[in-house]
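The structure appears right after this line, and notes come after that.
Every number for a ligand or one of its atoms is a count from 1 in the order of the listing.
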Amino acid sequence: MSANDLTRDELIACLDWQVACGADEAIGNQATHDQPFVPLKSFLSTPSAAGQANLVGARQDSVRHAAPQVATPSSPSQTAAQQQISPPLIEPAGDELAAITSLDALRVALERLEGCALKNTAGNLVFCDGNPGARVMIVGEAPGRDEDRVGLPFVGAAGQLLDRMLASIGLDRSAVYITNLLPWRPPGNRTPTAEETRLLLPYLRRHIQLAKPEYLLILGGSSAKALLGTKDGILKLRGVWRDVDFGDGATRPTLCSLHPAYLLRSPAQKRLSFDDLLSLRARLA
Ligand code: URA
């Protein structure tokens, strides 16, 4: 069935249903799912991946960053619809990842990755920005709407604040290498699920191994918890240097800090963030 088979009222009902599920934005002229249009009846019964074919959700960044918490399938920030659109994920075998020996090859592996529903709703893969040879690697959480459109991390409001934060300690994007825990935008900017984290964390760890940064700066609770394997919140984790082995036997001094999107909503916390930045500057000196 295509949109042409439906009446105007039925089409409006379909759109209303998607808006109720959190969609706010058309991300392309063509449906990105195999099924170009989902019959009204399936919209009205069970939310499906196809129902999210070319719209993405609109919950604010605050959903992802406001309350640092572990993303589990029972997280209150996940709706039933979001849980249902995730097919079973296929975890990469360690030797498949070990066979990837360059950043370009890792990007290609992600472009070819099957089994992650985020790809169906995202506009672009967001792999990296900055200088791959930089001493500092920054790991954010996931692309937002602007990053999804452009295909680069941290280009929206949070990214502009990140640029100012870096400038405050004399750095710019040529002095850092930037990536995210998730390379695709989660619909509605929701928190990465435990399943998504389990699938994509090995790719992030390989990314770190291949970039070989001297120092890691992890921004935000989701990425900090995933990379450190802890349930502690970001306010507890931040500000402390830890030597972390990301799977290649090398220990890399790693600092967790507050996410710029969180700082945009809680400017009083910039003081803590600046302490962390000064600590990074001291290391680099
Ligand atoms: N927030 C992130 O964590 N990463 C981005 O790329 C943009 C916003």
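Counting all heavy atoms, side chain and backbone alike, A158 lies closest to H259 at CB-CE1, 4.3 Å. Annotation for D243 and P253: closest pair OD1-CA, 3.6 Å, computed over non-hydrogen atoms.
L201 places a side-chain heavy atom less than 4.5 Å from the side chain of R205.
Every atom of ligand 1 is numbered from 1 in the order shown, and the set under 4.0 Å from a heavy atom of P153 is 6 (O). Counting the atoms of ligand 1 from 1 in the order shown, those under 4.0 Å from a heavy atom of G140 are 3 (O). In summary, the atoms of ligand 1 found under 4.0 Å from a heavy atom of H259, numbered by their order in the structure, are 1 (N), 2 (C), 3 (O).
Residue contacts with ligand 1 include A142, since one or more of its heavy atoms lies under 4.0 Å from the ligand.
For ligand 1, one of its N or O atoms has an N or O atom of F154 under 3.5 Å away. At least one N or O atom of E141 sits closer than 3.5 Å to an N or O atom of ligand 1.
D148 contributes a side-chain N or O that, together with a main-chain N or O of G123, makes up a donor-acceptor pair within less than 3.5 Å.
The structure places NZ of K119 at 5.0 Å from CH2 of W184, a figure rounded to the nearest 0.5 Å.
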